[in-house]
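Below: one structure, written as structure tokens.
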Amino acid sequence: MISRREALIGGASLLAFTGIGTAGRATWAAGAPVSSGVPEGAAAEAELGTLAGKKPLIRLSHRPPNYETPVEYFKDVITPNDVFFVRYHHGHIPELTAAEWTCQIRGEGVEKPFTLSLASLKADFQSVEMVAVCQCSGNRRGLSKPHVPGVQWGYGAMGNAKWKGVRLKDVLTKAGLKGQTIEVAFNGADKAVMTGGPDFMKSLPVWKAMDENVLLVYEMNGAPLPHWNGFPVRLIVPGWTGTYWMKHLTTIEALTQPFNQFWMAPAYRIPQGKFPLVDRFISQETDAKTTPITEIVVNSLITSLTEGQKVTVGHPVEVKGIAWDAGYGIRTVEVSTDGGETWHRAVLGADLGRFSFKPWSHSFVPSKAGKHTVMVKATNPQGATQTFELVFNPAGYHNNVIETITIEAA
Ligand SMILES: Nc1nc2c(c(=O)[nH]1)N[C@H]1C(S)=C(S)[C@@H](COP(=O)(O)O)O[C@H]1N2
Ligand SMILES: [Mo]
């Protein structure tokens, strides 16, 4: 049996799902379908699949395209464009051209509606660059116990890129935002294949839309956005989960009423009071029990070890990985190599900005033969940290359970 990562390094494109290690990460062998780290009992099985312009990714569904990044690639703090995950709600995704693309800036909340072109976006507004994590609200949903419906993501429904674009605030200011505006709504060019599902649209509270970190971007890691990641222009909302990061933007609408649409409610909601206090989206607090998901919870991932990996007694083992949160910053990353009995501070690496993955590392020497259980826990400056147990919610959001990988020293 070989691990999923070894198989990937070997370039295999068809792998077999052979079971779940104690860490909840799937292991694989060549020859048949794979699953992306889903626990036993979860229905989804996936294979590696290739979308035009992408390397093989873990395919959860083809139409709509939902492809996750194998953990392998998070060894780099920046996620390359050709392995960046892809998430869509609908299957009809038109190929837009840079020359023809336009976006309407309109709505009751603006004085002077106008049509934005890519040339004007680049020429008429100040450009800004920022590294930020895009993480799907449902990242790690496939690990939820009990199982919950939805795309059965493993660990890779996220990525960290250097984005380039302009401030949404500057574009809204050009349109003249009225004082009565309470939300700004976004639509993209993709549609449901058959008439049926509601068009995927999202809104932000006006204070967030006017935040200087919220950008309309046209470049990702120094290249035009890949088609599957929103070409030619998408919204980025650093610190908030991926659902707000509208791709292939077509309209930006300033609203004087709350945006009342399926993808705002009942979709993308978390139970009130179960997660640490985060940015509130008050105009969407339309029922007593739920609230829109907003900020990413603090989280971390081990990227240097695989479940069951063999190491040598008396030789240093490098435990490395990444940590991230909603942009408060990572204060500490702690590593345990004895199943949570004792914790050691990891060394934090390069700072690419507060919305970026933060690399960390910790070296330890296994002094005796046998199993060693490695765990990692990140904490932000607010004291928010990761949970030992899943905070269950029906959509499987905000899974930041402390990761555990067992390695074997001999
Ligand atoms: N137009 C459009 N934008 C979209 C979506 C979509 O279905 N259509 N999905 C959102 C969700 S839920 C996520 S997690 C991110 C994923 O971004 P990516 O596909 O570039 O990784 O895109 C967001 N923007
Ligand atoms: Mo998402």
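Numbers here are sequence positions counted from 1. Bear in mind that the values here come from a model prediction, so they are computed numbers and not experimental data.
- A donor-acceptor pair shorter than 3.5 Å cannot be found between the side chains of Arg167 and Asn213.
- Val184 has its side chain within reach of Phe186: a pair of non-hydrogen atoms, C-beta onward, lies under 4.5 Å apart.
- Within 6.0 Å of atom CG in Asp279, more than 12 heavy atoms from other residues, nucleotides or ligands are found, so the atom counts as buried in its surroundings.
- With a 4.5 Å cut-off on side-chain heavy atoms, Ile296 and Trp240 do not count as touching.
- Put simply, the side chain of Lys202 gets close to the backbone of Trp263: a donor and an acceptor are under 3.5 Å apart.
- Side-chain polar atoms of Thr115 and Gln104 form a donor-acceptor pair below 3.5 angstrom.
- When the shell of 6.0 Å around NZ of Lys371 is examined, it contains 12 or fewer heavy atoms from other residues, nucleotides or ligands.
- Within the 4.5 Å cutoff, no side-chain heavy atoms of Leu51 are placed close to those of Arg59.
- Screening Arg87, Lys54, His62 against Tyr67 for a side-chain hydrogen bond (donor to acceptor under 3.5 Å, both in side chains) leaves a single residue, His62.
- Residues His248 and Trp101 place their aromatic rings such that the two centres sit no closer than 6.0 Å.
- Between the side chains of Ser304 and Glu318, not a single donor N or O lies within less than 3.5 Å of an accepting N or O.
- Within the 4.5 Å cutoff, the side chain of Ile252 has heavy atoms near those of the Leu216 side chain.
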Check against side-chain hydrogen bond (donor to acceptor under 3.5 Å, both in side chains), Asp199 and Asn187: CA-CA 8 Å; Asp199 196 8; Asn187 200 1; 2.9 Å; yes

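- Salt-bridge check for Glu285 with Arg280: passed, with a basic side-chain N closer than 4.0 Å to an acidic carboxylate O.
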I would like to know whether Leu118 and Val233 meet side chain to side chain contact (heavy atoms under 4.5 Å, CB included); could you show each step before the answer? CA-CA 8 Å; Leu118 187 58; Val233 178; 3.6 Å; yes

Would you be so kind as to tabulate the donor-acceptor pairs closer than 3.5 Å made by side chains of residues 327-339, with sequence neighbours excluded?
unit_1, atom_1, unit_2, atom_2, d
Tyr328, OH, Glu295, OE1, 2.5
Tyr328, OH, Glu295, OE2, 3.3
Ser336, OG, Asp338, N, 3.3
Ser336, OG, Asp338, OD1, 2.8
Ser336, OG, Gly340, N, 2.8
Ser336, OG, Thr342, O, 2.9
Asp338, OD1, Glu341, N, 3.1
Asp338, OD1, Thr342, N, 3.0
Asp338, OD1, Thr342, OG1, 3.4
Asp338, OD2, Thr342, N, 3.3
Asp338, OD2, Thr342, OG1, 2.5

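- Looking only at side-chain heavy atoms (C-beta outward), Phe355 and Val131 stay at 4.5 Å or farther from each other.
- Using modelled atom types and a 3.5 Å distance limit, the side chains of Asn81 and Asn229 yield no donor-acceptor pair.
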Between Ser61 and Asn66, does a side-chain hydrogen bond (donor to acceptor under 3.5 Å, both in side chains) hold up when you go through it step by step? CA-CA 5 Å; Ser61 67; Asn66 285 300; 3.1 Å; yes

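- Counted by atom type alone, Asn160 and Trp324 present zero donor-acceptor pairs between their side chains at under 3.5 Å.
- For the residue pair Thr173/Asp170, the side-chain donor-acceptor check at 3.5 Å is not satisfied.
- Centroid-to-centroid, the aromatic rings of Tyr268 and Tyr397 come within less than 6.0 Å.
- Around NZ of Lys208, the count of heavy atoms belonging to other residues, nucleotides or ligands within 6.0 Å exceeds 12.
- A donor-acceptor contact closer than 3.5 angstrom links the side chains of Gln284 and Glu183.
- When every heavy atom of Ala350 is checked against every heavy atom of Pro359, the shortest pair comes out as O-CD, 3.4 Å.
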